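In what follows, a single structure is set out as structure tokens and then discussed.
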Amino acid sequence: MKALIFIAALLFSSLTVSAAETKIMIRAKARDAKFIGSSLGGAHIIVRNKVNRQILAEGNTTGSTGNTDLIMKVAKARGASITDSQTAGFLASIDIHEPTFITIEMISPLNNKQAQAAISTELWLIPGKHILGDGIILEVPGFIIDILKPRTHQYIPLNTIKGKPFQFQANIVMMCGCVIEKGGVWNSDEIEVKGILKKDGKYIKEVTLSLISTNLFEGSDMLNIPGNYELTLYAYHEKSGNTGVDKVNYVVYE
């Protein structure tokens with residue numbers, strides 16, 4: 001009996017000793033833009049064992065959005081890095097004793113629910129064989145849109161807006177929080193921003209919004225009839241395929 005216990009203990013000990021710390025850098029990058037880090041609340045990362053779904057590591061990306069010139073302007077050569085020591089990422093440290101097939105799940109941007117995307121990938125981890133540098137980069141498409149005017153479920157007296165332009169306003173940024181401006185790296189002239197307007201569930205018209213200052217888009221139209229209104233506002237960039245949507249409901253009453 002003692003011999004069996006000794007052998008079992010020896011086997012357990014050998015497994016424990018052979019487990020190796022394995023590091024993997026995981027980053028979230030906005031499509032046609034930079035990395036998602038601390039300034040936007042980060043991207044949430046979960047690393048799981050593919051077989052049994054056990055969570056091996058979990059956390060948020062932290063750090064800067066990265067070097068604009070390096071990411072967006074410099075021609076890329078094979079093997080060249082697009083990150084530096086400050087670039088946002090999540091460094092997972094996992095103890096494994098044999099090659100392990102993992103799933104990396106990412107939710108981003110963490111603090112902007114209406115723009116959140118879930119991205120995942122799978123790969124083998126080999127004990128002690130780190131994946132560092134740029135690491136594993138998951139791309140997040142889209143725009144973050146926040147409608148500022150009108151406000152959600154705002155009640156608006158008809159006599160205060162009748163015969164006057166009714167203002168629509170939204171703040172729009174890249175998925176990394178990078179700014180949109182006229183003639184900039186992310187050029188507002190290339191982005192179509194429109195609002196689809198409905199009253200009492202029926203389509204009325206589309207309203208075009210234009211940039212009035214960094215990230216801020218505005219448009220207006222006449223609203224002369226009371227009812228329950230819904231505004232679906234979208235942004236579309238043909239070159240990258242980035243899209244984004246936000247919705248708001250409001251009431252015009254007599």
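Because the structure is predicted, anything quoted here is derived from the model rather than measured.
- Ion pairing between a basic and an acidic side chain is recognised when a charged N comes within 4.0 Å of a carboxylate O; Arg53 and Glu105 show such pairing.
- Just one residue in the list Ile204, Asp200, Val248 forms a side chain to side chain contact (heavy atoms under 4.5 Å, CB included) with Tyr229, and that residue is Ile204.
- Taking the side chain as every heavy atom from C-beta outward, Lys205 and Asp221 approach each other to under 4.5 Å.
- For the pair Asp134 and Ser81, the tightest heavy-atom approach, listed with the atom from each and the gap, is OD1-OG, 2.6 Å.
- Although no hydrogens or angles enter the test, the distance criterion places a donor-acceptor pair under 3.5 Å between the side chain of Ser38 and the main chain of Gly63.
- Proximity of a side-chain donor or acceptor of Trp186 to a complementary backbone N or O of Ile191 within less than 3.5 Å is not detected.
- Considering only heavy atoms from C-beta on, Val252 stays 4.5 Å or farther from Ile225 through its side chain.
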Step-by-step ring pair (Phe, Tyr, Trp, His ring centres under 6.0 Å) determination, Phe166 to Phe168: CA-CA 7 Å; Phe166 183 80; Phe168 304 99; 5.2 Å; yes
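- There is a path of hydrophobic side-chain contacts, each under 4.5 Å, that joins Tyr236 to Val245.
- By the criterion of side-chain heavy atoms lying less than 4.5 angstrom apart, applied directly or through intervening Ile, Leu, Val, Met, Phe, Trp or Tyr residues, Val185 is grouped together with Met174 in one hydrophobic cluster.
- Between Glu192 and Tyr234, the side chains place a donor N or O and an acceptor N or O closer than 3.5 Å (distance only, hydrogens not considered).
- Atom NZ of Lys23 has 12 or fewer heavy atoms from other residues, nucleotides or ligands within 6.0 Å.
- Residue Ile102 shares its hydrophobic cluster (ILVMFWY side chains chained together at separations under 4.5 Å) with Ile24, Ile26, Ile36, Leu40, Ile45, Val47, Leu56, Phe90, Ile94, Ile96, Ile104, Met106, Ile119, Leu123, Leu125, Ile131, Ile136, Leu138, Val140, Ile144, Val173, Met175.
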Test side-chain contact (heavy atoms from CB on, under 4.5 Å) applied to Ile196 and Leu231, step by step: CA-CA 6 Å; Ile196 301 169; Leu231 174 68; over 6 Å; no
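- A donor atom on one side chain and an acceptor atom on the other are not found under 3.5 Å apart for His130 and Glu21.
- Under the side-chain contact (heavy atoms from CB on, under 4.5 Å) criterion, Thr87 pairs with Arg27, Phe35, Thr83, Asp84, sequence neighbours left out.
- Shown here for Leu197 and Tyr250, the closest heavy-atom pair between the two residues is CD1-OH, 3.3 Å.
- The shortest side-chain heavy-atom distance between Thr65 and Ser39 falls under the 4.5 Å cut-off.
- Proximity of a side-chain donor or acceptor of Thr22 to a complementary backbone N or O of Gly128 within less than 3.5 Å is detected.
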Test Thr100 against Lys50 for side-chain contact (heavy atoms from CB on, under 4.5 Å), laying out the working first. CA-CA 8 Å; Thr100 303; Lys50 173 66 183 296; over 6 Å; no
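- Remark: Glu190 pairs with Lys239 by the salt bridge (Lys or Arg N to Asp or Glu O under 4.0 Å) rule, at least two apart or across chains.
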Walk me through it: do Ser220 and Val207 pass the test side-chain contact (heavy atoms from CB on, under 4.5 Å)? CA-CA 7 Å; Ser220 62; Val207 180; over 6 Å; no
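- Taking hydrophobic clusters as Ile, Leu, Val, Met, Phe, Trp and Tyr residues chained together by side-chain heavy-atom distances below 4.5 Å, Leu110 does not share a cluster with Ile137.
- Both Met72 and Ile82 are part of a single hydrophobic cluster, where members link through side-chain heavy atoms under 4.5 Å apart.
- Residues passing the salt bridge (Lys or Arg N to Asp or Glu O under 4.0 Å) test with Lys76: none are found, sequence neighbours excluded.
- Donor-acceptor pairing under 3.5 Å is recorded for the side chains of Lys34 and Thr68.
- Within the 4.5 Å cutoff, side-chain heavy atoms of Lys29 are placed close to those of Ile71.
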Step-by-step side-chain contact (heavy atoms from CB on, under 4.5 Å) determination, Asn112 to Gln114: CA-CA 6 Å; Asn112 298 86; Gln114 84 283 7; 4.2 Å; yes
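- In this structure, Trp124 and Phe101 have tilted ring planes: the angle between them lies in the 30° to 60° band.
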Can you give the donor-acceptor pairs under 3.5 Å from side chains of residues 148-161 to other protein atoms, not counting sequence neighbours?
unit_1 : atom_1 : unit_2 : atom_2 : d
Lys149 : NZ     : Gln167 : OE1    : 2.9
Gln154 : OE1    : Arg151 : N      : 2.9
Thr160 : OG1    : Pro157 : O      : 2.6

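- For the atom pair CD1 of Ile180 and CG of Asn171, the computed distance is 8.5 Å after rounding to the nearest 0.5 Å.
- Among residues two or more places apart in sequence or in another chain, the salt bridge (Lys or Arg N to Asp or Glu O under 4.0 Å) test is passed with Glu139 by Arg31.
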